[in-house]
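In what follows, chains carry the letters A, B, and so on, assigned in the order in which the sequence lines appear, proteins first and then strands, with residues in each chain numbered from 1.
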There are 2 protein chains.
Amino acid sequence: MNDTKVRILAAGAELFRRNGYTGTGLKQIASTARAPFGSIYHFFPGGKQELGDAVIRSSGESYADLVFSIVDGHPDIIEAIEVAFTMAADSLVATDYADACPIATIALEVASTNEVLRVATADVFTDWIERGTRNFQTKGLHEAEARQLTLTLITSLEGAFVLARAMRSTEPLLAAGRAVRTAARSMLEW
Amino acid sequence: MNDTKVRILAAGAELFRRNGYTGTGLKQIASTARAPFGSIYHFFPGGKQELGDAVIRSSGESYADLVFSIVDGHPDIIEAIEVAFTMAADSLVATDYADACPIATIALEVASTNEVLRVATADVFTDWIERGTRNFQTKGLHEAEARQLTLTLITSLEGAFVLARAMRSTEPLLAAGRAVRTAARSMLEW
DNA sequence: GTCTATACACGGATAGAC
DNA sequence: GTCTATCCGTGTATAGAC
């Protein structure tokens, strides 16, 4: 893929994640990407919405790859969950509570205002749920349990990110991690 | 309190919740509140930020009152949790997936960009956690457990709202409700 | 205290030179 | 395909009439 296009996507991802979709201007993205303003419309003729759609889908996939590489590295489910939440907490602290979920802020902003982008966020979440379900199935859970645990994991992580960023504290993440492990244990006991 | 001020606060709460803080204009708020534009600056001399602060704190308190009135109406913890998540799901469907947490969207938007508003959202979450902890203590849990369960409840609800609004589905809320009940049961068994 | 008009910056988008 | 200049709407904020 073209180099400038990659920089524009990266800048958009970073700025949307931190400042939100409506809170980020295209001029700001061009400047951050060290790209001329017109290049945005060259690579994304649909303007801000098309760029937003591309950012949501690409960063959503990257984030899933990252999380699943962690989970796959730990065959034990309980340990994998613990590591995932701990790493999320570390990463938040390391970025001064800026980098949490790459699409959550956008998802809430556009849910009731921009159908195209809402569908993009929904597609990402749907993909995460399906990947997680398959993953937990390979670790021995039945499909219904695997899906329930995946939803628990994702919703807990997302909610913990909201509180953690607002309060500048890792406590919500650690508490959520404990709860998800409890939920997982209750499935594994049978 | 002055009538126009109340309408401005109500309009701000509704619009911020649905369209976000940066996505809502003061002119739009004045128009929705059927108030002259100048009145906003009359009642909130600090402009948009002062209005945002007031909206966060007042709607945060109202929402807590609502949720706790439900929880208090059900002495059994498990039942209270189930009712809370079911009612959240019903309310979401009734408003076409618009009205979830009144401050979550703002919280994510401002966490890294506006320290005054970030502190306002943090104060609201801190208050919720303290109220929830006291509430579960009166129902027989020790403080540490009560706080852990409260954090689990709030983070699960917040995260489920993100997915539910994006996917236009109540499944994440129902799954999160089940997980929180499991977490609660594991505390009550001892 | 209510309301209108306006200032000024920035938003997204486009045209067109190179 | 790169880059600049510009259009027009909307954003927040303010001044001041009533």
Problem - Donor-acceptor contact present, side-chain Glu158(B) to main-chain Val162(A), <3.5 Å - result: no
Practice task
Give the ring-plane orientation class for Phe37(B) versus Tyr41(B), where under 30° counts as parallel, over 60° as perpendicular and anything between as tilted.
Solution key: tilted
Fill in the blank from the handout: All heavy atoms of Gln49(A) vs all of Leu117(A), minimum pair found to be O-CD2, 3.5 Å
Fill in the blank from the handout: Of Gly38(A) and Thr22(A), the one whose closest nucleotide on DNA chain C sits nearer the 5' end is Thr22(A)
Exercise for the section: Mind checking Phe44(A) for me? I need base, sugar-phosphate or nothing, with any heavy atom below 4.0 Å counting as a touch. Expected result: nothing
Problem - Exercise: do Arg18(A) and Thr113(B) side chains pair donor with acceptor under 3.5 Å - result: no
Exercise for the section: Walking along DNA chain C from 5' to 3', note the first and the last nucleotide with an atom under 4.0 Å from a heavy atom of chain A, and give both. Expected result: dG11(C) to dT14(C)
Exercise for the section: Starting at atom CZ of Phe37(B), determine the distance to atom C1' of dA15(D), rounded to an integer number of angstrom. Expected result: 13 Å
Problem - Electrostatic pair Asp76(B)-Lys139(B), nearest N-O below 4.0 angstrom - result: no
Practice task
For the pair Arg17(A) and Glu14(A), find out whether any cationic side-chain nitrogen is under 4.0 Å from an anionic carboxylate oxygen.
Solution key: no
Exercise for the section: Quickly work out the Tyr41(B) OH to dT14(D) P distance and round it to whole Å. Expected result: 7 Å
Practice task
To the nearest Å, give me how far apart CD1 (Ile40(A)) and C1' (dA5(D)) are.
Solution key: 16 Å
Exercise for the section: Measure distances between side-chain N and O atoms of Lys27(B) and base N and O atoms of dT10(D), and say whether any donor-acceptor pair falls under 3.5 Å. Expected result: no
Problem - Rounded interatomic separation in angstrom, taking CG from Leu15(B) and C1' from dT10(D) - result: 16 Å
